[in-house]
Amino acid sequence: GQAGEEKAAKASKKEVKKASTNADSGKVKVSSAFLSRWKNIKKVTHKRAYETQQTRTVAGVRASEAEDAAVGYARALFWTAFFDEVLAVNLRGYALCAQYAARQMRSRGGGAIVNIGSNTAGHALSDRAAYIASKGGVESLTRAIALELAEHGIRVNCVAPGFIKTPMTAKALDSDPDRKNRVFARTPMGEMGVPQDIADAVLFLASDKARFITGAVLPVDGGNSIGF
């Protein structure tokens with residue numbers, strides 16, 4: 001429900017702000033919103049436009065409560081409402097956010113959009129059909145809008161996290177030791193990432209140091225996506 005969505009958004013804001021505390025690329029301002037709703041995107045982006053000379057949008061979308069349950073319904077049960085909810089948050093939200101932000105960026109001569117994907121977009125996991133479909137869509141959307149917005153000086157990239165130490169990941173792996181062992185065995189660096197790793201990657205892609213990078217997907221996963 002909406003109360004759960006707002007709670008999750010506030011939790012994400014707290015996590016991102018904490019991870020950005022030690023960033024050396026300037027002050028980071030974090031806003032939270034349930035991004036499948038146009039009015040929320042308009043409110044957040046419009047607020048940031050008055051606070052910065054050049055709007056840079058980081059579309060970090062937290063999973064909904066339904067997605068936290070980690071069920072893909074790819075077996076006997078498949079709930080249409082659940083599938084629609086996941087895509088509304090994880091894909092439509094990115095598209096709407098980029099659309100609104102781009103309008104402001106064009107008037108300011110450019111900007112940078114960084115989407116948050118997942119390394120699962122490149123391979124399948126059981127019971128994650130909706131999530132994987134949405135994250136595959138995020139990568140394709142990133143490339144498509146990067147092509148469309150380049151002429152306006154707007155860069156669009158994507159960060160694809162692997163297994164990061166968060167309460168949700170810990171809950172999933174600690175309850176399944178075999179899966180946890182497989183994760184580490186398949187990760188060349190032999191460890192999980194921390195939220196700061198994702199924050200650093202996002203800040204790099206949003207900065208002028210990445211001025212000639214657009215349409216790219218940057219894996220931040222310790223090599224998990226290549227460690228088969």
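Once rounded to the nearest 0.5 Å, the distance linking CE of Met192 with OG1 of Thr166 reads 6.5 Å. A distance of 11.5 Å separates CG in Leu87 from OH in Tyr94, rounded to the nearest 0.5 Å. Distance CD1/Ile116 to CD1/Ile198: 7.0 Å, rounded to 0.5 Å. Separation of atoms CD1 (Ile113) and SG (Cys97) is listed at 7.5 Å; rounding is to 0.5 Å. Here the NE2-CZ distance, from His152 to Arg108, works out to 16.0 Å after rounding to the nearest 0.5 Å. The distance from atom CG of Leu141 to atom CD of Glu139, rounded to the nearest 0.5 Å, is 11.0 Å.
Pro219 approaches Ser225 most closely through the heavy-atom pair CB-OG, 4.3 Å. The two atoms that bring Thr214 and Val156 nearest to each other are OG1-N, 3.0 Å, heavy atoms only. Across every non-hydrogen atom of Cys158 and Gly117, the tightest pair is SG-N, 3.5 Å. Minimum interatomic distance between Phe163 and Arg186 (heavy atoms only, all atoms of both residues): CE1-NH2, 4.5 Å. The two residues Lys171 and Ser175 come nearest to each other via the heavy atoms O-OG, 3.0 Å. In plain terms, the two heavy atoms of Ala210 and Arg155 that are nearest each other are O-NH1, 2.9 Å.
Residues Leu149 and Met105 have side chains not in contact (no heavy-atom distance under 4.5 Å, counting atoms from C-beta outward). With a 4.5 Å cut-off on side-chain heavy atoms, Ser134 and Val86 count as touching. Residues Lys180 and Asp176 have side chains not in contact (no heavy-atom distance under 4.5 Å, counting atoms from C-beta outward). For the pair Val217/Arg143, a side-chain contact is recorded, criterion being any heavy-atom separation below 4.5 Å from C-beta on.
Grouping the Ile, Leu, Val, Met, Phe, Trp and Tyr side chains by contacts below 4.5 angstrom, directly or via other members, places Val159 with Leu91. Both Val202 and Val220 belong to a single network of hydrophobic side chains, linked directly or stepwise wherever heavy atoms of I, L, V, M, F, W or Y lie under 4.5 Å apart.
Residue-environment remark: CZ (Arg211) stays at or below the threshold of 12 foreign heavy atoms within 6.0 Å.
Side-chain N or O atoms of Thr169 include one that pairs as donor or acceptor with a backbone N or O of Ile164 at under 3.5 Å. In this structure, the side chain of Thr187 does not engage the main chain of Phe184 through any donor-acceptor pair within 3.5 Å. Proximity of a side-chain donor or acceptor of Asn157 to a complementary backbone N or O of Gly215 within less than 3.5 Å is detected. Put simply, the side chain of Ser107 gets close to the backbone of Gln104: a donor and an acceptor are under 3.5 Å apart. Remark: side-chain polar atoms of Asp197 are paired, donor with acceptor, to backbone N or O of Val194 under 3.5 angstrom. Judged purely by atom type and a 3.5 angstrom limit, Asn90 has no side-chain atom pairing as donor or acceptor with the backbone of Lys135.
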